[in-house]
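This structure is a prediction, so every number in the text was calculated from the model and none was measured.
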Amino acid sequence: MTTAAAGGADEALPADSQRSGGHRVPAPRKAAPAGSPGAPGRPGRSVTGTRRVIAALFLLPALVLLGALVVYPIVYSVYRSFFDQAGTGFAGLDNYRTLFTDDTIRTAVKNNAIWVVFAPTISTALGLIFAVLTERIRWGTAFKLVVFMPMAISMLAAGIIFRLVYDAAPERGVANAVWVGVHDTFAESSGFPKAHPLPVHPLKAAGGGTFVTKSPVHAGQPVQLPLVGVLPAKMPGDAEPAKAPAAAGDGAITGTAWLDFTKGGGGSPNVVDAGELGLKGLKVEAVRNGEVVATARAGADGTFTLPAAADGAQLRLPAENFREPYNGVNWLGPTLVTPGIIGSYVWMWAGFAMVLIAAGLAGLPRELLEAARVDGANEWQVFRRITVPMLAPVLAVVLVTLMINVLKIFDLVFIIAPGSSQDDANVLAFQLYRSAFGTDADLGVGSAIAVLLLLLVIPVMLFNIRRIRKEGRR
């Protein structure tokens, strides 16, 4: 009876299962025919089951754009680089030979090397410092926002901003305004640059930018020290109308130093006319036998008084009265134009590096850092031996990305560098523009520069791809 019941139960089981030792065991499924819809090896379908024709139709627009915008320009540039300027004669390797013989292009290659070494390194280093230092401060997010904000500005706008920042005139250029302010804090600026006497004045040039009286001075005889050539902007704002000096006792020497010029014309030389201003602050020295025996400075009305020791001496106006004012540094000159433009690039891209590094820093295991601190490591040791090594993949991503970016830098150089310094600030992308689209365009040389840029970018790209694949296998 039991056997019959069991047999009946087995007959009641589905066809794809059977009993074995009291347990239900699924029966092996039959392989689907090669031509059935569920067969993975069915012709016309990919591994995911998508028809290859449909997949190709969806990919076709992207492939067409890729070929039109990337493949065709590369192939045509390589082809065009072997022809002459007109494009009709085969030039062989002449265009590539020009890349290494033309001084302008060699300067561009040298500047590109400077860019690749310094711009990504400085940007990455600053990004690392900002990310680490702002991790624990209360207003870290606000600081990161301020540092990252230049990334929202286009290269064109950033170039215009820094063209103004580096302006040579301190009243317009921020960099020189700060530099001149610091300089003038420690070095006194001249009061009356380009001021000088006329031949009819009682002063003569004495060499080295100084002026002396034509004859010795004596007590009781007022001294006149007229000058011309003082720019209105350089006149002291509190200068008063000049006046003749009052008589002084005890053998003192008195005199007046004034601007011997009347607005609107008129007036007489060597005479203090109405409306003529005193040269406030002008330094006057009494010199006898080559030694300075007394010194005085003119007041707001130009008058000054020297002690009796100046009797019989010559009066000298030292060169410090007439020295050209310090106008700062020529940031866009041949020497500093490339470092100046790199500075503007770092200002823009340090925020980009900071954000990526901060994201990597947030993923570090905190227990490892705390364990190092518990073991007695100071913050510098934790940063150098733990934080930086663990951030190495992120730092590599930032560094490689910026290296590729600076190889094609063009906008900042084109906008910031003035015409007189463009040859000194030249880079390959800018030279490509000048060679291919300048007044004396040579598309053969321009195409050769484009191929050179491609060859320089390919190793960096291969390194990046290899690193990404290596990270993916971990």
Heavy-atom distance under 4.5 Å between the side chains of [X] and [Y], does that happen here?
X    : Y    : value
F322 : L227 : yes
L395 : I357 : yes
V287 : V293 : no
L99  : N95  : no
K144 : V355 : no
V400 : R467 : no
L282 : L317 : yes
W349 : V406 : no

What are the two closest heavy atoms between [X] and [Y], and how far apart are they?
X    : Y    : answer
A158 : W347 : CB-CZ3, 4.2 Å
L412 : S344 : CD1-OG, 3.7 Å
W115 : P120 : O-CD, 3.0 Å
A239 : G278 : CB-O, 3.6 Å
L306 : A286 : CD1-CB, 4.2 Å
V445 : S435 : CG1-OG, 4.2 Å

Please state whether the rings of [X] and [Y] are parallel, tilted or perpendicular, taking 30° and 60° as the class boundaries.
X    : Y    : value
Y76  : Y79  : tilted
F437 : Y433 : tilted
F130 : F143 : perpendicular

K204 and T213: CA distance, side-chain angles, deciding distance, side-chain contact (heavy atoms from CB on, under 4.5 Å) verdict | CA-CA 6 Å; K204 63 179 181 179; T213 54; over 6 Å; no
As an exercise, state the distance from [atom1] of [X] to [atom2] of [Y], rounded to the nearest 0.5 Å.
X    : Y    : atom1 : atom2 : result
T134 : L145 : OG1   : CG    : 12.0 Å
T121 : I342 : OG1   : CD1   : 10.0 Å
I449 : D442 : CD1   : CG    : 9.0 Å
L407 : L456 : CG    : CG    : 6.0 Å
T338 : L336 : OG1   : CG    : 9.5 Å
R163 : L332 : CZ    : CG    : 6.5 Å

Within a reach of under 6.0 Å around [atom1] of [X], are more than 12 heavy atoms found that belong to other residues, nucleotides or ligands?
X    : atom1 : answer
F58  : CZ    : no
M461 : CE    : no
R138 : CZ    : no
E291 : CD    : no

Donor-acceptor contact present, side-chain [X] to main-chain [Y], <3.5 Å:
X    : Y    : value
N176 : A168 : yes
Q85  : A441 : yes
Y166 : I416 : no
R316 : V212 : no
Q422 : G419 : no
S421 : D424 : no
N112 : L428 : yes

Are Y96 and S81 close enough that a side-chain donor and a side-chain acceptor fall under 3.5 Å?
-> yes
Any side-chain donor paired with an acceptor under 3.5 Å for T295 and E285?
-> no
Does the gap between the ring centers of F83 and F90 come in under 6.0 Å?
-> yes
In this structure, which one of R384, R385, R373 forms a salt bridge (Lys or Arg N to Asp or Glu O under 4.0 Å) with E379?
-> R373
I114 and N111: CA distance, side-chain angles, deciding distance, side-chain contact (heavy atoms from CB on, under 4.5 Å) verdict | CA-CA 5 Å; I114 295 174; N111 287 338; 4.1 Å; yes
Derivation and outcome, side-chain contact (heavy atoms from CB on, under 4.5 Å), residues W331 and V165 | CA-CA 9 Å; W331 298 101; V165 167; over 6 Å; no
Check the pair D423, R434 against side-chain contact (heavy atoms from CB on, under 4.5 Å), reporting the backbone distance first and the verdict last.
-> CA-CA 11 Å; D423 285 343; R434 298 170 74 183; 2.8 Å; yes
Test side-chain hydrogen bond (donor to acceptor under 3.5 Å, both in side chains) on E276 and T262 and set out the steps.
-> CA-CA 6 Å; E276 295 179 343; T262 303; 2.9 Å; yes
Sequence neighbours left out, what passes side chain to side chain donor-acceptor pair (under 3.5 Å) with T124? Give chain and number order.
-> none
